[in-house]
Amino acid sequence: MSRRTSSCPPVLKSTKPIRHVLRPSRTELFDLVRDRDVVLNAPLSERQPVTGLEALSLGVPCISGPLKPG
């Protein structure tokens with residue numbers, strides 16, 4: 001089995017660390033989003049796609065997966 005590797009284009013490389021935050025307050029959430037280069041969202045429920053809209057409203061792109069309820 002061959003293994004393929006690829007490098008990330010310079011335009012996609014971030015100078016900021018990835019942070020996993022469990023339960024921020026609304027104020028903390030917006031501060032965190034404003035300070036990021038991109039928001040990643042894997043929705044598990046119908047309400048979570050709002051996170052992407054909130055990020056976009058703050059000028060931060062959001063990468064989201066499809067909603068697939070369990």
Side-chain angles (χ1 to χ4, degrees):
M1 175 190 276
S2 68
R3 201 167 188 194
R4 292 174 27 171
T5 59
S6 63
S7 61
C8 185
V11 71
L12 296 178
K13 290 187 178 178
S14 175
T15 59
K16 299 172 188 169
I18 294 173
R19 290 183 62 188
H20 181 160
V21 181
L22 292 179
R23 290 196 179 256
S25 70
R26 294 296 288 171
T27 303
E28 291 170 325
L29 174 68
F30 291 130
D31 289 342
L32 286 166
V33 170
R34 256 188 223 102
D35 193 41
R36 298 297 105 194
D37 293 323
V38 67
V39 171
L40 304 176
N41 187 33
L44 299 175
S45 71
E46 195 174 317
R47 180 82 175 125
Q48 283 183 316
V50 172
T51 303
L53 296 174
E54 291 168 340
L56 293 172
S57 75
L58 295 169
V60 179
C62 180
I63 299 172
S64 184
L67 175 61
K68 291 185 180 179

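Here the structure is a predicted model, which is why all the values come from computation and not from measurement. FYI, side chains are in, hydrogens and waters are out, and symmetry mates aren't considered; it's all heavy atoms of this structure. Just so you know, residue 1 is the first one in the sequence shown, and it goes up from there.
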Practice problem: Determine the minimum heavy-atom distance between Gly59 and Pro61, stating which atoms define it. | Solution: O-CD, 4.0 Å

Self-check item: Lys/Arg N to Asp/Glu carboxylate O, Glu28 vs Arg23, below 4.0 Å
Solution: no

Quiz item: Cluster partners of Ile63, using ILVMFWY side-chain heavy atoms under 4.5 angstrom, listed by chain and number?
Solution: Val38, Leu40

Quiz item: Going from CZ on Arg36 to SG on Cys62, what distance comes out if it is rounded to the nearest 0.5 angstrom?
Solution: 14.0 Å

Quiz item: What residues form a side chain to side chain contact (heavy atoms under 4.5 Å, CB included) with Thr27, not counting sequence neighbours?
Solution: Ser25, Asp31

Exercise. Show your reasoning for whether salt bridge (Lys or Arg N to Asp or Glu O under 4.0 Å) applies to Glu54 and Arg26.
Key: CA-CA 11 Å; Glu54 291 168 340; Arg26 294 296 288 171; 2.6 Å; yes

Exercise. Under 4.5 Å between side-chain heavy atoms, chaining through other members, with only Ile, Leu, Val, Met, Phe, Trp and Tyr counted: pull out the rest of the cluster around Val39, sorted by chain and number.
Key: Leu29, Phe30, Val33, Leu58, Val60

